[in-house]
Amino acid sequence: MNNVSTFSVLLLSGLNESKNYRSFFFFLSFLCYSIIIIVNVCLVLTIILNNEFHEPMYILLCAFCMNTVYGTAGFYPKFLWDLLSPVHVISYSGCLLQAQMLYSFACSDLSILALMAYDRYLAICQPLEYHSVMPKQRVITLACLGWVTPFCIIAVSTFLTSRLKLCSPYLNRLICMNGSIVLLACFPAETYVNNIVSNITIVFYGLHSIVIAWSYMFLIKTCVSSLENRRKFMQTCVPHLISLLSFSVTILFDVIYIRFESRYLPQTLKYFVSIEFLIIPPIMNPLIYGFKLTKIRNKIVASMKMK
């Protein structure tokens, strides 16, 4: 009981082994964040400012890129500051805020990916019903729900975590995650509700994966028998599949890292695995959509030529 305390500041120990390479990591991180902001904002502005892109597929893509800007803002500014600072600390409230942003970003990504899969299913498998089922206003509403719902669900977990009494201020991570904070709790019995909510959240977003798999099962079945549908699939679904694959792989590695943190992996590799969902998909997704979707690529190229 004497070890129970209320910590206003947590210490991040993830950068302790990179003292000799901080300038290099700062340059790479700053370059990475700059590219993420530029390519995602470029796509968002292209879609918003051109009426021809005010269609369900592009609206969802716009929401996808906006969510990326939101999620990466919860990591890169603090990480860049830590690379320049001799002491790596974060306030407890700031740590909870970062966890809230990163978890809601990841869950929102999955929600929007599920909406995009359903949109492609309707467009290719049910073309006559597409515009009646997915009018512009409904798509905007669904995209907003894809942000608000994960934020509220994760806010419950964040609130439950904020009530825990911690026995240590040392967080052996580069970033704040709910699971890592819960591990610092003095009384494991107090984390019972946290674990229940966490498992419910996993099941809920696991159902999103079923929706995506169901959509693509019918998509592939429909596209096999039609050359025109195969062309549509290659043009609009392949970027989505690549985004889904990169998201799934990076989140899977992060879950494995959290649940089964291996002592045999190099520390630098473990830290990269823990933040790769904030590096690879945010850069790769807008580039894939920008190059693969002809209308967007042509519009961006035309805008650059005008300048």
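The analysis underlying the following values was restricted to heavy atoms, covering all of them including side chains, and did not include hydrogens, waters or symmetry mates.
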Any side-chain heavy atom of [X] within less than 4.5 Å of one from [Y]?
X: Ser111; Y: Tyr205; value: yes
X: Asp109; Y: Phe277; value: no
X: Leu113; Y: Phe64; value: yes
X: Leu43; Y: Cys62; value: no
X: Cys95; Y: Leu171; value: yes
X: Tyr76; Y: Ile279; value: yes
X: Lys78; Y: Leu12; value: yes
X: Thr158; Y: Asn178; value: yes

Main-chain N/O of [Y] paired with [X] side-chain donor or acceptor, under 3.5 Å:
X: Gln100; Y: Phe151; result: yes
X: Ser85; Y: Trp81; result: no
X: His88; Y: Asp82; result: yes

Is atom [atom1] of [X] surrounded by more than 12 heavy atoms (other residues, nucleotides or ligands) closer than 6.0 Å?
X: Trp214; atom1: CH2; result: yes
X: Glu52; atom1: CD; result: yes
X: Phe26; atom1: CZ; result: yes
X: His54; atom1: NE2; result: yes
X: Phe204; atom1: CZ; result: yes

Side chain to side chain contact (heavy atoms under 4.5 Å, CB included) assessment of Ile200 paired with Ile196 | CA-CA 6 Å; Ile200 291 173; Ile196 291 176; 3.9 Å; yes
Under a single-linkage definition using a 4.5 Å side-chain heavy-atom cutoff for Ile, Leu, Val, Met, Phe, Trp and Tyr, are [X] and [Y] assigned to the same hydrophobic cluster?
X: Met217; Y: Met116; answer: yes
X: Tyr289; Y: Ile48; answer: yes
X: Val197; Y: Ile181; answer: no
X: Met101; Y: Phe159; answer: no
X: Val139; Y: Leu49; answer: yes

Does the side chain to side chain contact (heavy atoms under 4.5 Å, CB included) test come out yes or no for Tyr170 and Leu184, once each step is laid out?
-> CA-CA 8 Å; Tyr170 296 98; Leu184 301 178; 5.9 Å; no
Compare every heavy atom of [Y] with every heavy atom of [X], then report the nearest pair and how far apart it is.
X: Leu102; Y: Gly71; answer: CD2-O, 3.5 Å
X: Asn194; Y: Ser157; answer: ND2-O, 4.2 Å
X: Ser108; Y: Gly146; answer: OG-O, 3.2 Å
X: Leu10; Y: Ser168; answer: CD2-O, 4.4 Å
X: Leu60; Y: Asp119; answer: CD1-CB, 4.0 Å
X: Gln98; Y: Cys176; answer: OE1-N, 2.8 Å

With rounding to the nearest 0.5 angstrom, report the [atom1] to [atom2] distance, [X] to [Y].
X: Asn40; Y: Ile35; atom1: CG; atom2: CD1; result: 11.5 Å
X: Tyr92; Y: Leu166; atom1: OH; atom2: CG; result: 4.5 Å
X: Phe53; Y: Leu61; atom1: CZ; atom2: CG; result: 10.0 Å
X: Leu207; Y: Ile202; atom1: CG; atom2: CD1; result: 12.0 Å
X: Cys167; Y: Leu183; atom1: SG; atom2: CG; result: 12.5 Å
X: Leu241; Y: Ile220; atom1: CG; atom2: CD1; result: 7.0 Å

With sequence neighbours left out, what residues match Lys136 under salt bridge (charged side-chain N to carboxylate O under 4.0 Å, His left out)?
->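 Lys136 satisfies salt bridge (charged side-chain N to carboxylate O under 4.0 Å, His left out) with no other residue.
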Does a side chain donor of either Thr46 or Tyr58 reach within less than 3.5 Å of an acceptor in the other side chain?
->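 No pair is found: no donor N or O on one side chain lies under 3.5 Å from an acceptor on the other.
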Candidate pair Cys32 and Leu28, rule side chain to side chain contact (heavy atoms under 4.5 Å, CB included), full reasoning = CA-CA 6 Å; Cys32 182; Leu28 282 184; over 6 Å; no
Under the side chain to side chain contact (heavy atoms under 4.5 Å, CB included) criterion, do Cys107 and Ile154 qualify, and how do the steps go?
-> CA-CA 9 Å; Cys107 292; Ile154 299 304; 4.0 Å; yes
